[in-house]
There are 2 protein chains.
Amino acid sequence: MAAIRLAIVGVGKIARDQHLPAIAADPRFELAALVSRSDAHADGVPTFPTLDALLADGPPVDAVALCTPPQVRYDLAHQALRAGLHVFLEKPPGATVAEVAALQAEADAAGRTLFASWHSRFAAGVERAEAWLADKTITGVTITWREDVRVWHPGQHWIWQAGGLGVFDPGINALSIATQILPWQFFLTEAVLERPANCASPIAARITFRSGDGVPVEADFDFRQTGPQSWDIAVETEAGPLLLREGGAVLVLDGQESRAPDREYPGLYARFAELVEAGRSEADVRPLQLVADAFLRGEIRTVEEFHD
Amino acid sequence: MAAIRLAIVGVGKIARDQHLPAIAADPRFELAALVSRSDAHADGVPTFPTLDALLADGPPVDAVALCTPPQVRYDLAHQALRAGLHVFLEKPPGATVAEVAALQAEADAAGRTLFASWHSRFAAGVERAEAWLADKTITGVTITWREDVRVWHPGQHWIWQAGGLGVFDPGINALSIATQILPWQFFLTEAVLERPANCASPIAARITFRSGDGVPVEADFDFRQTGPQSWDIAVETEAGPLLLREGGAVLVLDGQESRAPDREYPGLYARFAELVEAGRSEADVRPLQLVADAFLRGEIRTVEEFHD
């Protein structure tokens, strides 16, 4: 297969830190162009101010990776699918669940790949956790996802706007892992969302989910964590505990800790290449669905203003 | 086929006004029991305080119609499916989208029918509207759903609690019609929800949806409408306008108004009987999905307190 000629749309922190290195290291991809309103550039690759400009005047491309904020992702994906391109959606795949369903229908009609990428599912410990849990009797799950927004999302104002998800922007990573490793579906029964008086999105959330049989899944999401940061999923089973730490990078099982180098974005691009080659899509909306349900069902409490 | 022996769980206003008469008039159903914490009764039919009590001590039943508030519907449906019963869910089918997906998986595993009933889809004008619109070029849709909550939901405190949906309780009826009659998917781009300072749910909402191709669908939901009430969907097409009025009961096409008697609940039960006989389920979550997206994406404005 010839390399997939790829354009990155939206060259912010995540594109520079993760996408560009992953693409450079994967021979199945060839970086063909950037689309950015800023002066982003990469060696030997042209930059266009808009996707329109790329499609009109740029080199041929087979696929786009959309790394813009979720609020504008639909139109770009729609336009790219129309132009016959495969589409890789940075997480979350859209600002609403229904728009992702609409994109899936469009991708199917166009015979193109739509990939809703959940990078945390490619964390080093996730695959083994899923395999180990498959036949276990689980009695409870605790998700603790507490980080300092000022460190990890400096100046990202879109995160505080309506549709920007607030603390669910990292929290949805935990949900993307939980929906992958737990052998049953779960849904929300109670949620309290804390929203700063000057923001549209929550800065913290405590959520109780459960399985159909009543196994509790408790989630604690907080953007105000200074000092040590927590990205942990603890699963209690009748065969002992399983712990995923550091966002899934570290697996602790039978008291043994295993850790492997970060391969999340390389893993995502490997999966995207497989999907394109197989002519298939993968756009699991469940993590976003659970977040939408939290907004639908949750009680909102106003807390003190947040200033970056 | 022998009559389906049915129990109604939750004997409130909607059960008395709609379910009991529809069941009495349909020979495919036999009312076998009521489940109610109050002193609800129907001629010659036993009443049980809980579904547990019915299952333990009651007459045999084949199906349940769940007419309780949505916040408690999942557990009842789960229990009923476990007991081998078919399940009819009053709208909305649950307090979250994910729990309805979980129920569908349980119904499939149990080989039982799950029916998420959207009564407005059985309003007299809906089927003809859907057929007429199928091949039209639509240029815009306006949904106006404005009613007086004090008239239509007196004392229904659950509607104001988290998960009770507020103005989306009637608004979701409009969305159940729109998702049925419009020949394409649509999704939300902007929403403003007005929430009384003393309530968890909105009293009004203005929402802009659109199709993939950008056709606007504007919705105006308001619970504070006194005087004339509006439950209208107006569709502009290149072949002229289509108007559904009075919640879908009246269809106006080519200047001709057609109206037929209300058969919504008889239609629902006829459909439920067909599904049970065919061994199939029908649990379209799209209307609830659009509401969850409105909470996810919408801007919330606090407005004056509401007192019933």
Side-chain angles (χ1 to χ4, degrees), chain A residues 70-72 74-75 77-79 81-82 92 94-106 109 161-165 168 175 179 184-193 195 200-201 209-214 285-302, chain B residues 70-72 74-75 77-79 81-82 92 94-106 109 161-165 168 175 179 184-193 195 200-201 209-214 285-302:
Chain A
Q71 292 95 324
V72 298
Y74 172 85
D75 278 321
H78 177 75
Q79 192 182 358
L81 289 168
R82 280 258 168 127
T96 65
V97 179
E99 76 191 55
V100 184
L103 282 180
Q104 184 60 74
E106 294 172 36
Q161 294 164 1
L165 297 189
F168 287 100
L175 296 175
T179 48
W184 27 250
Q185 297 192 50
F186 57 96
F187 51 87
L188 183 148
T189 56
E190 234 182 314
V192 175
L193 313 186
R195 197 179 50 154
S201 296
F209 301 98
R210 50 168 284 202
S211 73
D213 288 329
V285 296
R286 284 179 299 160
L288 186 58
Q289 182 65 76
L290 293 172
V291 174
D293 282 345
F295 281 82
L296 175 68
R297 186 72 172 80
E299 180 194 335
I300 296 175
R301 293 190 189 152
T302 303
Chain B
Q71 292 96 324
V72 298
Y74 172 84
D75 279 321
H78 177 75
Q79 192 181 0
L81 289 168
R82 281 256 166 128
T96 65
V97 179
E99 75 189 56
V100 183
L103 282 180
Q104 184 62 72
E106 294 173 34
Q161 295 163 0
L165 297 191
F168 286 100
L175 297 174
T179 48
W184 27 250
Q185 297 192 51
F186 56 96
F187 52 87
L188 182 148
T189 55
E190 234 183 314
V192 175
L193 313 186
R195 197 179 50 152
S201 297
F209 302 98
R210 49 167 284 201
S211 73
D213 288 329
V285 295
R286 284 179 300 161
L288 186 59
Q289 183 65 76
L290 293 171
V291 173
D293 282 344
F295 281 82
L296 175 69
R297 186 73 172 80
E299 180 194 335
I300 296 176
R301 294 191 188 151
T302 303

S.K.: Can you tell me how far CZ of A:Phe187 sits from CG of B:Leu103, rounded to the nearest 0.5 angstrom?
M.R.: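 Rounded to the nearest 0.5 Å, the CG-CZ separation comes out at 7.0 Å.
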S.K.: Distance from B:Arg297 atom CZ to A:Ser201 atom OG, nearest 0.5 Å?
M.R.: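 B:Arg297 atom CZ to A:Ser201 atom OG measures 9.5 Å (nearest 0.5 Å).
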S.K.: Could you tell me which of B:Gly214, B:Ala95, B:Gly94 has the largest number of non-hydrogen atom pairs under 4.5 Å with chain A?
M.R.: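 Most pairs with chain A among the choices: B:Ala95.
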S.K.: In terms of heavy-atom pairs under 4.5 Å with chain B, which of A:Gln71, A:Glu299, A:Glu106 leads?
M.R.: A:Gln71
S.K.: Does any backbone or side-chain atom of B:Ala101 lie under 4.5 Å from a heavy atom of chain A? Answer side chain, backbone, both or neither.
M.R.: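 Contact with chain A involves both backbone and side-chain atoms of B:Ala101.
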S.K.: For chain A, which of B:Glu190, B:Glu99, B:Arg195 has the most heavy-atom pairs under 4.5 Å?
M.R.: B:Glu99
S.K.: So which residue, A:Ala105, A:Ala102, A:Ala294, A:Gly212, ends up with the most heavy-atom pairs under 4.5 Å with chain B?
M.R.: A:Gly212
S.K.: Looking only at heavy atoms, which two atoms of B:Asp293 and A:Ala98 are closest? And how far apart?
M.R.: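 Looking at all heavy atoms of both residues, the closest pair is OD2-N, 2.9 Å.
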S.K.: Looking at residues at least two apart in the chain, or sitting in another chain, which of them share a salt bridge (charged side-chain N to carboxylate O under 4.0 Å, His left out) with B:Arg210?
M.R.: A:Asp75
S.K.: Heavy-atom distance under 4.5 Å between the side chains of B:Leu165 and A:Leu296, does that happen here?
M.R.: yes
S.K.: Could you look at A:Phe186 and say if it's the side chain, the backbone, both or neither that has a heavy atom under 4.5 Å from chain B?
M.R.: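 Contact with chain B: backbone only.
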S.K.: A:Phe295: which residues meet the ring pair (Phe, Tyr, Trp, His ring centres under 6.0 Å) condition with it, sequence neighbours left out?
M.R.: A:Phe168
S.K.: If you count heavy-atom pairs under 4.5 Å with chain B, which of A:Ile300, A:Asp213, A:Leu188, A:Leu290 comes out on top?
M.R.: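 Top count of heavy-atom pairs under 4.5 Å with chain B: A:Asp213.
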S.K.: Which answer fits B:Gln161, side chain, backbone, both or neither, if we ask what part of it has an atom under 4.5 Å from a heavy atom of chain A?
M.R.: neither
